2 protein chains.
Amino acid sequence: MSDLLERLRGRGWRVTSQRRVVAEVLDGDHVHLTADEVHARAAHLLPEISRATVYNTLGEMVSLGEVMEVSTDGRAKRYDPNAHHPHQHLVCSNCGTIRDVHPTGSPLADLPQDQRFGFTVSAAEVTYRGLCPSCA
Amino acid sequence: MSDLLERLRGRGWRVTSQRRVVAEVLDGDHVHLTADEVHARAAHLLPEISRATVYNTLGEMVSLGEVMEVSTDGRAKRYDPNAHHPHQHLVCSNCGTIRDVHPTGSPLADLPQDQRFGFTVSAAEVTYRGLCPSCA
DNA sequence: TTCTTGACCTGGACTCCGTCCATCGTAGGA
DNA sequence: TCCTACGATGGACGGAGTCCAGGTCAAGAA
């Protein structure tokens, strides 16, 4: 399983059963889970895992660039294991499901110099909103 | 002050001192305030105003399309009174300040049909991230 | 102007998401 | 095998937002 764990081990991570399980959950399915959903699925494999551990592990994966944090609404953040392939998100305004999408063009290039107000702009996130087939 | 109040009155809103004050706060400054910041400024004008009322009023203004909700990080939502002029946001990754920007091009057009997965896509929000002049 | 009434406001309890911390356990090098 | 620093635990805590029962008041009617 999981080059993810290999990469983490390579970065000096201690490989514990908890971290293995979290990596496995993220690896398993390419949906965008909330921390609590990750915890629930992880607890299915390792009943004693705590919420704090899941939060810590997710946070560490994010700061290592292995996982991407997505917060499309004001509610719980979601975690996207597809961090190595740049992409944007398409969100259903009704049920909240998220799909990775690959638009053409580069939004960064669309921000002219006189619209940058002295900022050093490093990234552009695009969130498309609409209704998914089952909610429409 | 405020065509905003006039428009709201036109939609059948009862104009109360609380709503007047919230409208005034949003009108006054074109920064992007959190609900608590709105509450603090409103309380300066009308000390007894409650948090719940501020939340209700902001929520109503949003659902009438008079104010726009912006949640750029996982933290508190911010409220943008500039809802009638389409624009995107430029956010400082360090201090969190937000500027309205007007990129060229239309991100919606950049999402080809085969990337829509049956969704009826209605909007695209772009968030540019970087460091503002004082944080750089 | 006064009356009436339903929309509105209040404040406090509550939920949800996330963080912190003291303590205990254990992965992995010696 | 032993040691120890890194990691896990779970319970308390904090911020943001929602809910609700009861009191208040804007604005139309008379």
Side-chain angles (χ1 to χ4, degrees), chain A residues 4-6 8-25 32-64 66-80 96 98, chain B residues 5-6 8-25 32-43 45-64 66-80 96 98:
Chain A
L4 176 49
L5 272 185
E6 286 316 311
L8 295 177
R9 193 194 303 270
R11 302 208 203 202
W13 263 39
R14 194 175 279 189
V15 176
T16 65
S17 52
Q18 291 84 350
R19 288 173 170 181
R20 201 191 323 275
V21 160
V22 169
E24 207 166 327
V25 165
H32 301 70
L33 303 172
T34 64
D36 266 350
E37 286 163 354
V38 172
H39 178 233
R41 297 193 182 200
H44 201 252
L45 302 171
L46 182 70
E48 302 323 318
I49 193 170
S50 78
R51 244 165 39 93
T53 298
V54 170
Y55 275 104
N56 287 339
T57 306
L58 288 172
E60 288 154 356
M61 286 176 174
V62 168
S63 69
L64 292 179
E66 295 289 344
V67 165
M68 182 172 288
E69 232 175 38
V70 190
S71 61
T72 55
D73 48 1
R75 318 203 48 80
K77 289 176 194 161
R78 293 176 174 274
Y79 292 87
D80 184 344
I98 302 180
Chain B
L5 272 185
E6 285 317 310
L8 294 177
R9 193 195 302 271
R11 302 208 202 201
W13 262 39
R14 192 175 279 191
V15 175
T16 66
S17 52
Q18 291 84 351
R19 287 171 172 182
R20 200 192 323 274
V21 160
V22 170
E24 207 166 328
V25 166
H32 301 71
L33 302 172
T34 64
D36 266 348
E37 285 163 354
V38 172
H39 178 233
R41 298 194 181 200
L45 302 171
L46 182 69
E48 301 324 316
I49 194 171
S50 76
R51 246 163 39 92
T53 299
V54 171
Y55 275 104
N56 288 339
T57 306
L58 289 172
E60 288 154 358
M61 286 176 175
V62 168
S63 70
L64 292 179
E66 295 289 345
V67 165
M68 183 172 287
E69 232 175 39
V70 190
S71 60
T72 54
D73 48 2
R75 322 208 42 86
K77 290 176 193 160
R78 293 175 174 276
Y79 293 87
D80 185 344
I98 302 179

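Labels below follow one simple rule: chain letters A, B, ... track the order of the sequence lines, proteins then strands, and each chain is numbered from 1. Keep in mind that this is a model prediction, so the values were computed, not measured. Below, each value reflects all heavy atoms present in this structure, side chains not excepted, and no hydrogens, waters or symmetry copies.
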Any residue meeting salt bridge (charged side-chain N to carboxylate O under 4.0 Å, His left out) with [X], in chain and number order, not counting sequence neighbours:
X	result
B/R9	B/E6
B/R75	none
A/E66	A/R7, A/R11

Interatomic distance where [atom1] belongs to [X] and [atom2] belongs to [N] [whole Å]:
X	N	atom1	atom2	result
A/I49	D/dG10	CD1	P	11 Å
B/H39	C/dG11	NE2	P	9 Å
B/L46	D/dC25	CG	P	11 Å
B/L5	D/dA27	CG	C1'	16 Å
B/R11	C/dA7	CZ	P	19 Å
B/R78	D/dA16	CZ	P	10 Å

Do any side-chain nitrogens or oxygens of [X] fall under 4.0 Å of OP1 or OP2 in [N]?
X	N	value
A/S50	D/dT9	yes
A/Q18	D/dT9	yes
B/R75	D/dG15	no

Legend entry - the helix from C/dT1-D/dA30 to C/dA30-D/dT1: angle between end helix axes, five pairs per end, rounded to 10 degrees: 30°
Distances under 3.5 Å between nitrogen or oxygen atoms of protein and nucleotides 25-30 of chain C:
residue	atom	partner	partner atom	Å
C/dG28	OP1	A/V15	N	3.1

Inset, instruction - Could you tell me whether the side chain of B/R51 has a donor or acceptor atom within less than 3.5 Å of a complementary atom in the base of D/dG17? - result: yes
Within the 4.5 Å heavy-atom criterion, are [X] and [Y] side-chain neighbours or not?
X	Y	value
A/E48	A/Q18	no
A/R41	A/E24	no
A/Y79	A/L58	yes

Legend entry - Short N-O contact, B/R78 and B/E37, less than 4.0 angstrom: yes
Inset, instruction - Tell me what A/A76 touches on the nucleic acid: a base, only sugar-phosphate, or nothing, going by heavy atoms under 4.0 Å. - result: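 Sugar-phosphate only.
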Legend entry - Proximity to DNA chain C (any heavy atom under 4.0 Å), residues of residues 55-62 of chain B only: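 Within this stretch, nothing sits under 4.0 Å of the strand.
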Legend entry - Which residue lies more 5' along DNA chain C, comparing B/A52 with B/R19 via nearest heavy atoms: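 Final value for this comparison: B/R19.
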